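Read the structure below first, then the notes.
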Amino acid sequence: MGSGPQRIVVVGGVAGGMSAAARARRLDEHADITVLEQSEYVSFANCGLPYHLSGEIVRRDALLLHTPATLAASLALDVRTGHRVTTVDRTAREVAVTGPDGSYRLPYDALLLAPGAIAVRPPIEGLDHPAVHTLRTVPDVDGLRAAVDSVLSGRYASEPASAVVIGAGFIGLEAVEALAARGLRVHLVELADHVLPPLDAELAPLLSDELETHGVDLHLGVWAQAVESTDEPSEYGDEVGGSLGPVTVTLSDGTRLAADVVVVNVGVRPASALAKEAGLELGTSGAIRVDADQRTSDPHIWAVGDAVEVTQAITGAPIPVPLAGPANRQGRRAADSICGHRTTPQASVLGTAIVRVFDLTAAVTGASQATLRRAGIPHEVMHIHPGHHAGYYPGAEQIHLVASFAQDGQLLGAQAVGRAGVDKRIDVLATAIRAGMTADDLAELELAYAPPYGSAKDPVNMLGFVAQNVLDGTMPQWQAWDLDDVRENTLVLDVRSRREYERGHLDEALNIRHTELRERLDQVRDAAGGRPVSVYCASGVRSYLATRVLLGESFDARNLSGGWLTLTAVHPDL
């Protein structure tokens with residue numbers, strides 16, 4: 001670098017790139033900062049796109065956070081939209097750029113790459129049909145809104161317009177909700193055996209029930225094979241939803257779904273081609289490898305956002321995480337490094353995320369059970385179903401909360417589904433994981449309490465109490481996935497009321513209400529015949545009390561984690 005102002009070139013805008021450019025300006029008033037964005041929009045709220053599709057965000061302009069003109073006025077940034085960087089010359093420290101007025105080369109002292117991610121194109125025949133859309137950019141939502149408006153106002157106005165959404169991840173579920181809000185009948189197709197694959201399997205049925213309650217048809221464990229034009233009026237009836245849509249989506253099980261619009265969101269991959277062609281080091285996932293200050297293998301090039309590799313906080317695995325929060329923090333960190341400011345080294349990423357599914361909320365943080373199993377990390381899983389605030393105050397809603405703990409009590413991951421209070425608890429638990437908290441720490445957390453907001457024993461505290469009991473042996477437990485072994489080798493004891501028992505129970509279960517257990521211990525002893533006793537109730541609370549009674553009387557007893565609510569989620573046939 002010469003004696004003049006530092007020349008900083010940022011490739012890509014939105015979260016990571018614009019955060020870096022804005023922070024660099026705040027740190028260096030005299031730097032020459034140029035932002036090159038290949039699309040028309042350099043700063044927009046991509047997380048708000050589904051809510052503009054639904055009509056909740058009415059004004060399209062509300063999604064456009066900044067324009068080149070506003071950025072020039074407020075931060076003196078040279079923002080060039082419609083400019084694509086084609087190559088990086090690391091020796092000359094120049095980038096080759098193609099723009100509306102031709103090609104040119106732009107020198108840099110510091111180069112920041114924020115190319116984002118590219119939507120995965122699944123191997124489905126006919127993805128280029130005009131009826132097929134994605135939902136990642138402003139032009140995407142413009143096209144999808146126009147298609148939906150056309151369908152609703154056109155010749156199908158007297159018919160139930162329909163949509164097929166392929167992919168039941170976070171964006172797919174948001175698209176489903178948005179399309180249903182517009183009045184379309186929605187079919188949701190997902191290759192995994194449950195919606196929202198990052199969610200633990202025992203929580204996913206709650207989302208499935210909510211989707212079906214709102215008229216969404218689920219097609220799980222199958223994939224889409226082809227999207228074809230519908231040449232003739234549909235005669236498939238209920239098999240395809242009764243729509244006269246312009247396309248037919250054929251699934252792997254032979255089902256054919258007619259649709260007016262198709263939305264494909266099956267994931268993204270890092271847009272790292274430019275970095276690869278420049279000879280920068282990539283990780284095993286194809287993402288750009290960076291150090292703790294976001295610096296790549298070239299000392300003059302930094303990278304941030306969806307295209308970079310991060311460390312998963314629990315497993316230590318290097319992975320890309322396409323989330324806005326980490327991208328914004330990475331942009332700030334990279335700018336600090338570029339400008340010689342004190343940096344906070346990049347922390348590992350928890351992957352905390354949340355989604356609304358009609359009237360339910362689902363949220364995750366840390367490592368899921370599946371992630372822990374793949375990584376070979378021993379853990380204990382806790383299930384609780386508390387109210388989101390004091391039960392005696394009107395309006396308490398149940399939170400279904402699942403968390404995994406290491407044997408030393410450290411919290412490894414948590415997930416929750418409910419109608420209220422989910423975001424608050426997941427945020428607390430995400431903070432707890434970041435701080436390395438244990439079950440003992442959760443039990444002692446002092447959280448805000450008044451009846452309209454929580455309980456004296458908050459669900460986070462309750463989670464800590466349950467984990468303490470399990471990990472120190474106070475409450476031996478069994479899990480819903482142990483059912484076959486439990487049925488074969490133990491006495492199953494149902495301690496719910498007779499009315500609850502009659503509404504549904506395990507056939508082999510002995511039903512003794514928990515308040516009657518002390519008077520009927522001989523009956524339990526005779527039925528057990530020396531076998532262990534596996535206890536369950538509705539949610540795990542009464543069966544915990546019963547388990548403690550049995551343990552106090554020298555029984556080999558254990559409690560079902562999460563009770564009948566969790567058992568029937570894992571085994572819906574019950």
Side-chain angles (χ1 to χ4, degrees), residues 50 120 122 163-177 179-180 186-225 249 251-253 255 257 263-268 351-375 379 381-385 398-404 413-419 422 426 479-484 560-574:
V120 171
V164 172
V165 176
I166 300 173
F170 289 95
I171 297 175
L173 290 177
E174 290 169 345
V176 166
E177 186 184 53
L179 292 167
V186 184
H187 297 270
L188 178 58
V189 179
E190 171 55 50
L191 177 59
D193 60 2
H194 66 266
V195 298
L196 198 59
L199 196 67
D200 287 333
E202 58 266 42
L203 291 177
L206 297 166
L207 300 187
S208 293
D209 290 346
E210 184 74 4
L211 289 162
E212 291 178 333
T213 297
H214 285 82
V216 178
D217 296 303
L218 301 181
H219 306 270
L220 305 177
V222 296
W223 63 94
Q225 293 181 323
V249 180
L251 306 184
S252 59
D253 62 357
T255 301
L257 306 172
V263 181
V264 179
N265 282 288
V266 296
V268 296
T352 306
I354 192 167
V355 64
R356 188 185 70 188
V357 182
F358 294 104
D359 296 323
L360 280 182
T361 298
V364 301
T365 188
S368 67
Q369 296 174 51
T371 297
L372 293 170
R373 287 193 297 268
R374 287 194 299 268
H379 59 283
V381 182
M382 317 298 163
H383 303 82
I384 63 173
H385 307 276
Q398 198 166 47
I399 298 176
H400 305 274
L401 184 56
V402 179
S404 298
Q415 306 191 346
V417 174
R419 300 189 184 279
V422 167
I426 286 296
Q479 298 286 358
W481 46 84
D482 299 326
L483 181 59
D484 289 343
L560 171 59
S561 178
W564 185 255
L565 284 170
T566 297
L567 188 68
T568 51
V570 175
H571 303 282
D573 54 303
L574 296 176

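Residues take their numbers from the sequence shown, with the count starting at 1. These numbers come from a predicted model, not from an experiment.
- Although no hydrogens or angles enter the test, the distance criterion places a donor-acceptor pair under 3.5 Å between the side chain of Q415 and the main chain of P198.
- Inter-residue side-chain proximity for T213 and F358 is flagged as unmet; no heavy-atom pair is nearer than 4.5 Å.
- Between the side chain of D200 and the main chain of Q369, a donor-acceptor pair closer than 3.5 Å is present.
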Determine, step by step, whether E210 and V417 satisfy the side chain to side chain contact (heavy atoms under 4.5 Å, CB included) criterion, reporting the C-alpha distance in whole Å, the side-chain angles of both residues, the deciding distance to 0.1 Å, and the verdict. CA-CA 11 Å; E210 184 74 4; V417 174; over 6 Å; no
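- Nearest heavy atoms, S404 versus L372: CB-CD1, 3.5 Å.
- Within the 4.5 Å cutoff, the side chain of V165 has heavy atoms near those of the L188 side chain.
- The side-chain contact (heavy atoms from CB on, under 4.5 Å) with F170 is formed by just one residue from the set V355, I354, V357; it is V355.
- When atom types are taken as modelled, the side chain of H194 and the backbone of L199 share a donor-acceptor pair closer than 3.5 angstrom.
- The distance from the CG atom of L196 to the CG atom of L206 is 12.0 Å, given to the nearest 0.5 Å.
- Atom CG of D253 sits in a crowded spot, with more than 12 heavy atoms from other residues, nucleotides or ligands closer than 6.0 Å.
- In this structure, CG on L173 lies 6.0 Å from CG on L211, to the nearest 0.5 angstrom.
- The shortest heavy-atom contact between A201 and P205 is O-CD, 3.0 Å.
- Tested against T566 for a side chain to side chain donor-acceptor pair (under 3.5 Å), the candidates H571, H385, H400, H383 yield a single pass: H385.
- Residue L220 comes nearest to D193 through the heavy atom pair CD1-O, 3.9 Å, listed as atom of the first residue, atom of the second, then distance.
- A tilted orientation is assigned to the rings of H219 and H187, their planes being inclined by 30° to 60°.
- Between V189 and L257, some side-chain heavy-atom pair lies under the 4.5 Å cut-off.
- Closest approach of A168 to P197, counting heavy atoms only: O-CD, 3.7 Å.
- Shortest non-hydrogen contact noted between V266 and G167 is CG1-CA, 4.2 Å.
- Side-chain contact between P50 and E177 is absent, with no heavy atoms from C-beta onward closer than 4.5 Å.
- With rounding to the nearest 0.5 Å, the separation of CZ in R419 from CD1 in I399 is 12.5 Å.
- Interatomic distance, CD of E202 versus OG1 of T568, reported as 11.5 Å (0.5 Å rounding).
- At distances below 3.5 Å, not a single donor-acceptor pair connects side-chain atoms of Q479 with backbone N or O atoms of W481.
- The environment of CH2 in W223 is sparse: at most 12 heavy-atom neighbours from other residues, nucleotides or ligands sit within 6.0 Å.
- In this structure the side chain of V264 reaches within 4.5 angstrom of the side chain of P122, judged on heavy atoms.
- Considering CG of L203 and CG of L401, their distance stands at 8.5 Å, rounded to 0.5 Å.
- The heavy-atom pair separating A204 from V195 by the smallest distance is CB-O, 3.8 Å.
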